[in-house]
Amino acid sequence: MASTRGAQILVASNRGPVSYTLDETGTLTSKRGGGGLVSGLSAIGPDADALWVCSALGEGDREAVRRGVGEPGVRMLDVDADVHADAYNGIANSVLWFVHHMLYQTPLEPVFDTEFRRQWAAYETYNHAFAAALAEEAAEGAAVLVQDYHLSLVPRMLRELRPDLRIGHFSHTPWAPSEYFRMLPDDIAAQVLGGILGADRAAFLTQRWADAFTDCCHAVLGPGIPSGTRIGVHGLGADADFLRERAHRPDVEERMAALREQVGEGRKTIVRVDRTELSKNIVRGLLAYRELLASRPDWRERVVHVAFAYPSRQDLAVYRDYTAAVQRLADEINAEYGTPGWTPVVLHVKDDFARSLAAYRLADVALVNPIRDGMNLVAKEVPVVSDEGCALVLSREAGAYEELGEDAITVNPYDVVGTAVALHEALSMPAGERAERTKRLAGAATALPPARWFLDQLHALDT
């Protein structure tokens, strides 16, 4: 049954717009998040009767739910911590993420055993908690936008509970090609696809990922798209107004001064900003930089690789090992090539948005070389913020390549020598050409800013 106070617009995602921390005195402190969804939902205005359903992610969040602390327009679900861990780390991040980013070392993994089936049951329970909450909170005929691979089963579950609702699902990741996707057990592959096909509309960041989803449906479920689900594409862009304003605040200026001192006078910069996510390909990026210094000794002492590698998912051993490998390789490059007046790699691992924006502004070259990425907003943000214009070295496996490839220097993310050649080309690009390319890149990068990206999905449910 629809709630008597039901919301007209609902968003469902694993992570919500607010999080809580609990200190030793028992005091709860809230922190607002950012991102495209936050910007998008704010675009519909405070009177739109909207609700964001999300998960409690840590003890602070769980305590907030228990105390009845919250923000208007947000419902946080306190799913059992063990269930959440199995659903989030066991399935979403260790199976679905790996499939869509094609990260498995297939001689050894995946192994879909009884432990996997136990965790899959937790994933079903987690998705059902969201479906039940959305069914309870939604007004008659409301629009529900379900986000990402954490909640791939929700649309079908919600459709069964509330057939009156208009349901959309959006995938922020790539979608695996059918031959890779079919590594999943047949029944699980069908359940993932069938879950999303419970939506009126399934949307993706690029046409490539949308086509891959359609191919998987045909391969696993048979020809056609069952249930008449419409397929859409919405290429999330950078928020130019916010970025340009934020990038010129005093804290960014302070960090620019510190970075300039670390880089040294007159040197060029190759900038990368990433989480230490396996798909971001940071290690091969560092190897390519080392190859550049080895094969083009004239760049020694004339360039610095400013690499921000912010730790991600450190509760998973494979991510801790990867973060350590990044640090180890940066140290090796500095030991091999560094001089008393030049540190070849400036590596920062503590997340600092103001410092990231400072690096964007200083970048002569932006290195974005993921193995596979749904979009990669860094590729879009750097050209928007860059002071003097930057050359973009971009993996052809990033979703952003679809929009930016024409004015980027494209690389095969596995080709370390080829990436080193691309870095040399980017560093050698004449200032005029670099400025012109940056202007075109910034235009393409901001074509669908977050607010419009969100509203386009919402309006598409009405058609």
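All values derive from a computational prediction rather than experimental measurement.
- Between Y126 and F130, the ring planes lie perpendicular to each other; the angle is over 60°, past the 30° to 60° tilted range.
- Applying the salt bridge (Lys or Arg N to Asp or Glu O under 4.0 Å) definition to pairs two or more places apart or across chains, those involving residues 379-389 are R361-D387, K380-E403.
- Taking the six-membered ring where tryptophan is involved, the planes of Y104 and Y180 are essentially parallel, since the angle between them stays under 30° and well short of 60°.
- The pair D364-R267 does not count as a salt bridge, with every side-chain nitrogen at least 4.0 angstrom from each carboxylate oxygen.
- Below 30°, between 30° and 60°, or above 60°: for F242 and F353 the angle between ring planes is below 30°, a parallel geometry.
- Between V18 and W52 there is no side-chain heavy-atom pair separated by less than 4.5 Å.
- Salt bridge annotation for R440-E406: absent, with no cationic side-chain nitrogen under 4.0 angstrom from a carboxylate oxygen.
- Using a 4.0 Å cut-off between charged side-chain N and carboxylate O, R166 and D462 make a salt bridge.
- Shown here is E245, whose CD atom has more than 12 heavy atoms of other residues, nucleotides or ligands within 6.0 Å.
- Taking a cutoff of 4.0 Å between a charged side-chain nitrogen and a carboxylate oxygen, R208 and E402 do not qualify as a salt bridge.
- The environment of R296 atom CZ is sparse: at most 12 non-hydrogen atoms of other residues, nucleotides or ligands sit within 6.0 angstrom.
- Ring geometry for F308 against H348 counts as perpendicular: the plane angle is over 60°, on a 0 to 90° scale with 30° as the lower cut.
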Notebook entry, point to check: Checking side-chain contact (heavy atoms from CB on, under 4.5 Å) for the pair F170/W453: CA distance, chi angles, key distance, verdict?
Noted result: CA-CA 11 Å; F170 193 90; W453 168 81; 3.4 Å; yes
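- Y88 and S55 share no donor-acceptor pair across their side chains, judged by distance under 3.5 Å alone.
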